[in-house]
Chemist: 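My questions will all concern the structure given below.
All heavy atoms count here, side chains included; hydrogens, waters and symmetry mates do not. Just so you know, these numbers come straight off a predicted model, no measurement behind them.
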Amino acid sequence: MSPFTRLLGLEFESIERGLCVLRLKVTEEHFNSGQRVHGGVIFSLLDSAMGAAAFSVLEPHETTATVEAKINYTRAVTGGDLECTGKVVHAGTRTVVVDGEIWQDGALVAKCLGTFARI
């Protein structure tokens with residue numbers, strides 16, 4: 001866990017080759033001025049889970065960084081717990097493509113597709 005992910009309160013549920021699951025217990029510190037979870041928090045949760053999933057398929061001498069990501073926010077969050085999954089859909093020689101989703105109580109909160117560099 002990085003200092004930033006600890007600051008946000010992200011918790012690892014599980015990690016295995018090509019798959020990472022993170023959780024977040026929403027607090028008022030995550031809210032924007034409209035009393036909803038800030039989009040940056042949602043994206044950070046996705047980016048962290050997808051980055052960890054990408055990292056899990058790398059060689060020991062490699063690291064990774066986000067190259068690009070496209071996110072759809074599908075539901076406002078006003079509290080509760082979030083579950084985020086990052087799943088590798090393609091591991092190439094230079095990039096790793098990862099699918100990410102956040103769910104709350106059976107409802108999709110956000111969907112993301114990202115590309116991560118193999119460094």
Side-chain angles (χ1 to χ4, degrees):
M1 298 289 287
S2 72
F4 180 70
T5 55
R6 282 194 301 274
L7 176 70
L8 286 178
L10 306 186
E11 301 172 7
F12 273 102
E13 176 77 15
S14 64
I15 188 163
E16 57 189 68
R17 185 166 177 78
L19 181 68
C20 177
V21 180
L22 298 180
R23 293 194 178 276
L24 176 66
K25 294 180 191 300
V26 174
T27 67
E28 68 179 37
E29 287 80 14
H30 297 122
F31 290 165
N32 61 23
S33 60
Q35 299 304 304
R36 291 175 171 77
V37 173
H38 191 284
V41 173
I42 298 296
F43 178 75
S44 293
L45 178 55
L46 284 159
D47 190 49
S48 296
M50 295 187 318
F55 189 81
S56 75
V57 301
L58 301 180
E59 298 298 323
H61 66 278
E62 292 179 310
T63 189
T64 188
T66 309
V67 173
E68 64 83 31
K70 194 266 188 227
I71 185 170
N72 289 94
Y73 299 92
T74 57
R75 177 184 174 130
V77 177
T78 58
D81 296 338
L82 301 175
E83 180 179 274
C84 181
T85 303
K87 182 178 180 183
V88 172
V89 295
H90 174 74
T93 58
R94 296 186 179 191
T95 60
V96 180
V97 178
V98 185
D99 180 75
E101 293 183 344
I102 298 178
W103 291 82
Q104 183 181 48
D105 300 327
L108 182 66
V109 169
K111 176 86 173 162
C112 190
L113 186 66
T115 305
F116 294 78
R118 294 182 84 134
I119 302 168

Chemist: Check the pair V37 / F31 against side chain to side chain contact (heavy atoms under 4.5 Å, CB included), numbers first and verdict last.
Modeler: CA-CA 4 Å; V37 173; F31 290 165; 4.1 Å; yes

Chemist: To the nearest 0.5 Å, how far apart are SG in C84 and CD in E13?
Modeler: 12.0 Å

Chemist: First locate atom NE2 of H38, then atom CD of E29, and finally report the distance between them rounded to the nearest 0.5 Å.
Modeler: 14.0 Å

Chemist: Would the distance check show the side chain of S56 and the main-chain N or O of G18 forming a donor-acceptor pair, the cut-off being under 3.5 Å?
Modeler: yes

Chemist: Are V26 and F12 in one and the same hydrophobic cluster, where Ile, Leu, Val, Met, Phe, Trp and Tyr link if side-chain heavy atoms are under 4.5 Å apart?
Modeler: yes

Chemist: Check each of V41, L45, D105, L22 against L82 using the side-chain contact (heavy atoms from CB on, under 4.5 Å) test, and report the only one that passes.
Modeler: L45

Chemist: Is there any salt bridge (charged side-chain N to carboxylate O under 4.0 Å, His left out) pair reaching into residues 30-58, and which pairs are they, with sequence neighbours excluded?
Modeler: none

Chemist: Y73 and I102: same hydrophobic cluster, using ILVMFWY side-chain contacts below 4.5 Å?
Modeler: yes

Chemist: In Å and rounded to the nearest 0.5 Å, what is the CD to OG1 distance from E11 to T5?
Modeler: 11.0 Å

Chemist: Indicate, with yes or no, if V109 and L10 share a hydrophobic cluster defined by side-chain heavy-atom contacts under 4.5 Å among Ile, Leu, Val, Met, Phe, Trp and Tyr.
Modeler: yes

Chemist: Could you go through H30 and V77, starting from their C-alpha distance and side-chain angles, then the distance that decides it, and tell me whether this counts as side chain to side chain contact (heavy atoms under 4.5 Å, CB included)?
Modeler: CA-CA 10 Å; H30 297 122; V77 177; over 6 Å; no

Chemist: Count the heavy atoms belonging to other residues, nucleotides or ligands that lie under 6.0 Å from CZ of F55, then report whether that count exceeds 12.
Modeler: no

Chemist: To the closest 0.5 Å, what do you measure between NE2 (H61) and CD1 (I119)?
Modeler: 11.5 Å

Chemist: What's the shortest heavy-atom distance between F43 and C112, and which atoms?
Modeler: CE1-SG, 4.4 Å

Chemist: Compare every heavy atom of V67 with every heavy atom of A117, then report the nearest pair and how far apart it is.
Modeler: N-CG2, 3.5 Å

Chemist: Among the clusters formed by ILVMFWY side chains lying less than 4.5 Å apart, do F4 and L24 turn up in the same one?
Modeler: yes

Chemist: Which heavy atom of A53 sits nearest a heavy atom of V98, and at what distance?
Modeler: CB-CG1, 4.2 Å

Chemist: Go through the structure and list residues passing side-chain contact (heavy atoms from CB on, under 4.5 Å) with R94, not counting sequence neighbours.
Modeler: none

Chemist: Just wondering, more than 12 heavy atoms not from E68 lying within 6.0 Å of its CD?
Modeler: yes

Chemist: Nearest 0.5 Å, what's the CD-OG1 distance between Q104 and T78?
Modeler: 7.0 Å

Chemist: Does R118 offer a backbone N or O that forms a donor-acceptor pair with the side chain of T64 under 3.5 Å?
Modeler: no

Chemist: Shortest non-hydrogen contact from A110 to I42?
Modeler: CB-CG2, 3.7 Å

Chemist: Rounded at 0.5 Å granularity, tell me how far CG in L8 sits from OG in S2.
Modeler: 8.0 Å

Chemist: Do L113 and F116 sit in the same hydrophobic cluster, where Ile, Leu, Val, Met, Phe, Trp and Tyr count as joined when their side-chain heavy atoms come under 4.5 Å apart?
Modeler: no

Chemist: Who passes salt bridge (Lys or Arg N to Asp or Glu O under 4.0 Å) against K111, sequence neighbours left out?
Modeler: D99, E101

Chemist: Going through the checks in order, is the side chain to side chain contact (heavy atoms under 4.5 Å, CB included) test met by W103 and L108?
Modeler: CA-CA 5 Å; W103 291 82; L108 182 66; 3.7 Å; yes

Chemist: Of all the heavy-atom pairs spanning A49 and C20, show the shortest one and how long it is.
Modeler: O-CB, 3.5 Å

